[in-house]
Amino acid sequence: MTTAGSGHAVPVLVAGCWGAGTQHHQRDMYLPALTRSPDADVVGIWDDGQLSGSQVGRAKALGRDFGVPVVEDLSEALDSCRAVVGCPAPDVVGTLLASAAERDLPVLLDKPTLFGTKALGALVREVPSATVVAGHHWRFHGAVASARLAVRSGQLGLLHAVHAELIVGGPDGANPLGELRNLCVHPLDVVESLLGPLHGRTHAVHAAPSDGAGESWTISMHLDPDVVVSALVGRVRPDVSSAVHRYRLLGSHGQLLLDLAGPAMSVVGRQVSDLPFGPSSVDAMLAQFLGAGQGGRLEPTLSTAVGLSQVLDAVETAATSRTIETFGGS
Amino acid sequence: MTGNSPLGIGIVGAGFVAESHAAAIATDPRLGLSAVFDLDTPAAAAMAARFGAARATDLTELLSRADVEAVIVCTPNDTHVALAEQVAQAGRHLLMEKPLALSSSEARRLTKLYADKGLTLLVGHTHRHSAYAIAVKEAIESGRIGTVRTMRLAITGGWIWGGWGAWVLDPARSGGHAFHNGVHLYDLARWWLDSPVQSAWTCAQHLTAAALRIDDYLCSTLQTESGAAAVCEISRGERPRAASVFEIVVQGTRGTLLRTWSSDGIVRLSDDGSGPLTAVGDSPFGRQLVVFEQAIRASGPVAPPPEHAVEAIAVAEAVEASARTGDLVRVDG
Ligand SMILES: NC(=O)c1ccc[n+]([C@@H]2O[C@H](COP(=O)([O-])OP(=O)(O)OC[C@H]3O[C@@H](n4cnc5c(N)ncnc54)[C@H](O)[C@@H]3O)[C@@H](O)[C@H]2O)c1
């Protein structure tokens, strides 16, 4: 954590410690990144205290582990910061966004698609002035950001296909709200960041959890204007740690192969392990979010998340009814 | 055919792929190339001379030779059915290049014809005999990646199909990309997933020229009776033209099998092209011919069985229909 008053560091409030299932992104993603960032000064942790089950007491534990004060009053907490990193529970998100909007504070909101399309639409309507960045961090990965520049500047000509795999393992466990909204949103958000809002048709095959593994989704799309997309997304058993996260971009004048397990070196010792280097996708996302005050752009917006959520709805219908679904007003 | 003498083979169609078969025959003492026939006489003569075989002046002559016990047909796709019938009529075993036919009903009819006559029919789904394809099958069967739920098979490269006059570009002659190249992928997916394909949804593109009458890019999502999915992508329209990408992802409940472009242990980045080079020592054409020869000698079954070749055609029909309509198409079992 940067000490208070160290010049350009932005005072940040960590708001809400909710996660679907065992997910705890404040502990596992945001606080580690915020505390190592020279751009952030974490001034407090707030939660409404309504978390249930194993999530009770998360704010206190975080405060202890990261040496940050826990603030119980939301107004007081918001008055002390210039930006909010939020993992609010579904029933708190509206209040948090409205209170932040009153103070003109930007909110980085973790995985909004988990709230569902209806709730997200309501948020956009009820708090139109909220400045929200959807926490889709993979689009900020250095390789994706670089690919986006290449695509937008036409280095590959015009894209005609994008193919992705996101296959995770490890102890996080299955997401009780479904991997469609938890995992599938990531590759689709990366595609959105390359192409803009998604319009087209989709086919999907869903495999329910079995053999100790979580769900698996095979999503295929034909997007306007004539871009073919496919994504293999799934969760293997929790005792399998290897992750696969790749993209293949095919353009009229060239191709890009991205492996988001990098940048990393392999350490070949008694076991082969990875040695990552450079800023992670979360670091890069926070840098953009916190730099927004200096003219940086704030995206993806809540509207982007709503659009993606509608695409995910179409994917779900395609899988359950075994039909080809149209989305995005195409 | 006598006990240990080489199996006498005749080749019909002395073009691009025939060269691979002839080269494989030349390196296997169990096999001998007896004669070559091609409508293009110089092509037949050149191949016959290169491999020390006779040039037959017509198909009847080739099929009547005592030293032609089995035939490899390497001609354009629309000629396969008529040639297969003539080979069967002459009582010769057949290695037919893929696709077996341009419709599943004709493919079924040929399969029955060969079974009724007690003749061996092997269809050239050559990838099945590649070291990589066998390794994928064995890895799945070993249970190392658990139950397979989804897979990707991507074989993409640049233009190799000649000029506007090339027979491959004529849908009536090649059947289109699904029949011409797609069948390789559909056959592998069906084999690896160990379940017939039930439906196909296809996104098709004309990358190289809008005026193409066949698709040079096809991406099909197949679903098997067991519920697994396979995204099969085949392209001859990529840039840079000489770059090839060949990737396999098989996702199971316990792990994921990945074949990347460096999996052969050798990658070329040169002015002439970029992509994997085949590791020396692997000869899918050679392995395929051994399967053929052993089935003939033992009057036993071949792998893949002709029924799988028929299934691949049925999938190609569904893929092409889906490409035209944009609909999810059921495979005609
Ligand atoms: N298994 C594989 O990996 C693989 C690879 C390439 C091609 N193929 C298949 O092999 C077949 C041939 O393809 P190719 O690329 O070698 O084609 P090609 O055009 O290079 O060669 C075809 C040859 O057949 C001759 N021919 C045409 N009609 C004939 C007839 N009725 N009788 C005798 N000869 C005739 C032509 O003159 C030509 O020499 C096709 O069915 C193709 O799908 C398979």
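Quick note on labels: first sequence line is chain A, next is B, and so on, each numbered from 1. All of these numbers come straight from a predicted model, not from anything done at the bench.
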Scored by heavy-atom pairs under 4.5 Å with chain B, the best of A/Leu257, A/Leu250, A/Asp211 is A/Asp211
Out of A/Ser230, A/Gly251, A/Gly157, which one racks up the most heavy-atom pairs below 4.5 Å with chain B?
A/Ser230
Side chain, backbone, both or neither of [X] within contact of chain B (heavy atoms, under 4.5 Å):
X	answer
A/Leu156	neither
A/Ala208	backbone
A/Val227	backbone
A/His206	neither
A/Val205	side chain
A/Ile324	side chain
A/Ser210	both
A/Arg322	both

For A/His186, does its backbone N or O pair with a side-chain atom of A/Asp189 as donor and acceptor, under 3.5 Å?
no
Between [X] and [Y], is the ring centre distance below 6.0 Å?
X	Y	result
B/Trp191	B/His125	no
B/His177	B/Trp161	yes
A/Phe327	A/His199	no
B/Trp167	B/His180	yes

When you measure from the centre of the six-membered ring of B/Tyr132, is the NZ or CZ of B/Arg259 under 6.0 Å away and within 45° of the axis?
yes
Heavy-atom proximity to chain A below 4.5 Å, by part of B/Leu328
both
Which is it for A/Tyr247 and A/Glu165 under the side chain to side chain donor-acceptor pair (under 3.5 Å) test, yes or no, and what are the steps along the way?
CA-CA 7 Å; A/Tyr247 295 84; A/Glu165 294 103 30; over 6 Å; no
Does A/Glu215 pair with A/Arg235 as a salt bridge, N-O distance under 4.0 Å?
no
